[in-house]
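To keep things clear, I will list the structure first and then write my remarks on it.
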Amino acid sequence: MKTLAVALKILLLTLTCFIVCSNSYGQNDSIKNRLSAIAENELPALNNTISLSVSNLNVGELFRAITCETGVNVYIPNSLNTHVTSNFSDAQVKDIIYYLCMEYKLQCDIVGNIIRLTTIPEPMTPKPEPEINYNDLSGTITYDIKNIPLDDVAKKITVITGINVIPSQSIKTIVCSGFGKDVDVEDALTQLGFVNGFTVRKIKENQLILVPAAQQTADGVPNNSDDNFGFSSRAINVVVDENGLVDINVSNADLQLLFTTLIQKAGITYKILNPISGTVNLNSTKITLKDCLYRMFKGTTFTYRIEGDVCFAGTRDNPGLKYCKLIELDYRSAEALNKQLSASYIAGIEWTDFPELNAIILFGDSDRVNEIEGFIRSIDKRVPVILIDVIIADISKNLNFDWMFDIGIGGKPTQTGGKYIFSDGMNMTFGASSINTAMGKLGLSSIGKVSPNFYANIKMMEENGWAKVRSTPRLSTLNAKEATLSIGETVYYKEEMNSYYGSMDPQLSTQTVYKSVDAELSVKIRPIVSGDGSVTVAVEVIQSDFTERIDKNKDGQGPPGIRSRVFKSEIQVNNDEMILLGGLEESTNSETNKGLPFISRVPVLKWFFGGKSKVKNETQLTIFIKPTIIN
């Protein structure tokens with residue numbers, strides 16, 4: 001039966017071509033005969049000869065020139081936009097008209113003495129019919145349908161099978177394609193509907209209803225609400241309010257059916273690029289459409305993409321569902337953000353930094369791109385700037401006490417001199433002639449006649465003092481970023497290395513190297529702002545000073561000693577609140593006694609036959625910190 005149908009089609013096509021060709025030749029001969037007849041009886045001007053040479057000239061302009069030269073009235077509609085390139089020499093007007101009709105497929109109509117030229121209308125192509133064959137014995141059909149409207153398919157099946165196939169009004173114009181061999185009518189329509197977005201419901205033994213995929217019923221029982229034929233969507237609890245927010249409560253719902261139902265209720269056009277399978281459980285209220293679609297497809301091999309007012313859905317590997325988006329950042333650095341996110345979180349997404357715009361380009365599945373964009377927006381916030389005032393106070397206190405009564409005989413007479421000031425203490429040296437005079441003024445007995453070289457040193461002094469050395473750096477830094485201040489001094493010392501070369505006649509070689517030793521005041525602070533406005537500060541202070549050189553060589557270039565104090569702490573303070581850190585104390589006490597052996601240890605006598613020196617130094621490092629959040 002199929003072979004017979006193919007043979008009939010070939011025969012019909014051959015006859016059509018023959019008729020068209022016959023009509024074409026017949027029409028050309030008719031134009032020639034009519035022009036000749038009119039030229040002899042009614043319009044002899046058609047026999048006039050004319051010479052023309054034109055190149056890419058509009059046919060209307062050509063006949064306007066012929067009309068002006070010969071007086072033949074030719075009408076050309078404005079819709080005729082044919083251009084002519086020809087060379088006519090002593091050609092009759094009727095031959096020129098005939099040639100142009102044949103060359104450019106024009107139709108010639110003659111009304112009185114007016115010649116009207118128009119294009120020949122295209123022959124009507126027959127409407128393609130669905131290729132469907134019905135086997136009466138088995139009750140099956142074989143179909144090969146390519147881009148045929150569903151309404152035409154339904155009519156053809158109804159005619160050849162006697163089963164009434166009625167498509168819903170909203171899907172009559174769906175263009176269907178599909179192939180099936182020896183399939184039951186209902187099964188064939190089910191297969192065709194799965195591919196082309198509709199489903200089949202059986203009403204009676206010989207009556208099938210075709211409805212959109214989202215309008216099937218759960219158990220085949222009609223639900224008189226949405227469809228023209230009394231069918232509605234499956235029992236899916238989905239509500240979309242006037243603000244576009246979705247309330248959804250489904251359990252074990254078909255994923256494709258849920259998608260089409262949701263999109264239709266949202267009033268958006270949709271297109272399913274690949275069949276969607278699987279079920280879903282979802283219960284949410286007052287969520288956006290994008291959020292609802294994201295939750296529906298999360299964890300599945302399917303995804304969606306909204307472009308304009310059309311929503312596409314299908315498998316994740318479909319290139320048509322990939323999405324590329326530029327995300328501009330307001331506060332954070334685009335180059336640093338990629339390193340701060342987990343690689344597993346952005347897996348499957350192509351991430352490209354765009355530093356010129358401080359932006360990020362994301363490419364991948366639409367729902368994953370939207371998810372990552374939402375997270376980036378949530379962390380793209382203004383970073384606090386903290387101003388930190390640091391006061392480093394080095395408080396030093398010293399006490400020096402000197403007492404000495406020194407008498408003896410020198411190598412020559414001693415001149416009396418020194419100072420005796422109440423504010424500065426006493427430090428006097430007396431000679432032989434003045435010691436008795438001075439003691440008399442003090443109301444003491446003289447010591448009698450002494451040697452001319454006699455001398456006496458009397459020293460009584462006490463000194464108290466304190467010093468405060470302050471460093472007040474001000475540092476600014478971003479939240480959780482370390483700020484560093486370093487002020488130092490470098491001292492160099494010389495090292496010499498002597499080497500002997502050779503065994504028979506050793507030669508001395510001296511190499512001099514200058515090495516450096518650093519002493520510095522270093523402050524490192526790392527503040528972290530908490531949600532309540534408090535500031536956690538990690539601080540490290542290193543203060544080092546030079547001491548005397550520990551081993552002076554002949555050039556005085558020995559290495560100096562280093563005295564260091566290190567302070568580390570981590571504290572939490574309120575904004576704009578100053579705190580005190582420190583108490584690192586260094587104390588030095590020394591006491592020196594000198595005098596005659598044994599006698600300098602006897603009370604009272606030791607004041608006349610000895611001396612005493614006492615030194616006490618105390619140094620304390622104190623640090624004040626005040627963080628201030630600027631923004």
Side-chain angles (χ1 to χ4, degrees), residues 329-337 339-340 355 358 378-399 464-491 516-547 560-588 616-631:
L329 302 181
D330 296 326
Y331 305 108
R332 291 191 174 273
S333 170
E335 292 181 308
L337 188 59
K339 302 177 182 178
Q340 296 172 347
N358 192 33
S378 67
I379 63 175
D380 185 24
K381 296 180 179 179
R382 185 182 296 274
V383 180
V385 177
I386 301 97
L387 173 66
I388 304 172
D389 292 295
V390 182
I391 301 177
I392 302 174
D394 195 357
I395 302 173
S396 177
K397 183 179 180 181
N398 62 76
L399 173 62
N464 289 306
W466 61 274
K468 182 183 292 184
V469 181
R470 292 185 177 180
S471 178
T472 58
R474 304 189 76 187
L475 307 175
S476 295
T477 182
L478 292 176
N479 187 32
K481 299 295 184 180
E482 185 178 78
T484 302
L485 172 67
S486 180
I487 302 174
E489 180 182 359
T490 302
V491 173
S516 62
V517 178
D518 296 326
E520 64 175 354
L521 170 62
S522 174
V523 180
K524 296 180 180 180
I525 297 179
R526 183 173 181 264
I528 300 176
V529 179
S530 303
D532 59 355
S534 61
V535 183
T536 301
V537 181
V539 58
E540 178 181 355
V541 178
I542 300 176
Q543 187 179 35
S544 58
D545 299 307
F546 291 117
T547 61
I562 294 291
R563 180 177 56 197
S564 300
R565 284 179 288 182
V566 179
F567 182 87
K568 292 182 180 181
S569 180
E570 187 169 347
I571 53 162
Q572 188 174 42
V573 297
N574 294 327
N575 181 31
D576 209 20
E577 179 182 36
M578 178 173 285
I579 60 168
L580 171 63
L581 303 174
L584 187 62
E585 187 172 309
E586 180 180 351
S587 180
T588 303
K616 182 179 181 180
N617 290 326
E618 294 181 356
T619 304
Q620 185 175 13
L621 177 63
T622 304
I623 302 172
F624 298 89
I625 297 178
K626 185 179 77 170
T628 303
I629 302 175
I630 297 178
N631 60 345

Side-chain donor/acceptor pairs under 3.5 Å, residues 568-581, sequence neighbours excluded:
unit_1	atom_1	unit_2	atom_2	d
Gln572	NE2	Ser534	OG	3.1
Asn575	OD1	Ile629	N	2.8
Asp576	OD1	Thr628	OG1	3.1
Glu577	OE1	Asn574	N	3.0

Nearest heavy-atom neighbours spanning [X] and [Y]:
X      : Y      : answer
Ile562 : Ala519 : CD1-CB, 4.4 Å
Asn479 : Pro527 : OD1-O, 3.5 Å
Ala334 : Asn358 : N-OD1, 2.9 Å
Ser476 : Ala483 : O-CB, 4.5 Å

To the nearest 0.5 Å, tell me how far [X] [atom1] sits from [Y] [atom2].
X      : Y      : atom1 : atom2 : value
Ile386 : Lys481 : CD1   : NZ    : 11.5 Å
Arg474 : Leu485 : CZ    : CG    : 13.0 Å
Thr477 : Ile525 : OG1   : CD1   : 10.0 Å
Glu540 : Thr484 : CD    : OG1   : 9.0 Å
Arg382 : Tyr331 : CZ    : OH    : 4.5 Å

What pairs meet the salt bridge (charged side-chain N to carboxylate O under 4.0 Å, His left out) rule with one or both residues in residues 522-534, with sequence neighbours excluded?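 As it turns out, there is no salt bridge (charged side-chain N to carboxylate O under 4.0 Å, His left out) pair with a partner in residues 522-534 once direct neighbours are skipped.
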Mind running side-chain contact (heavy atoms from CB on, under 4.5 Å) on Val541 and Val390 for me, showing each step along the way? CA-CA 10 Å; Val541 178; Val390 182; 5.7 Å; no
Is it true that a side-chain atom of Asp380 and a backbone atom of Asp330 form a donor plus acceptor pair closer than 3.5 Å?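 Yes; at least one donor-acceptor contact below 3.5 Å.
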Would you check, one step at a time, whether the test side-chain contact (heavy atoms from CB on, under 4.5 Å) holds for Leu478 with Val385? CA-CA 5 Å; Leu478 292 176; Val385 177; 3.6 Å; yes
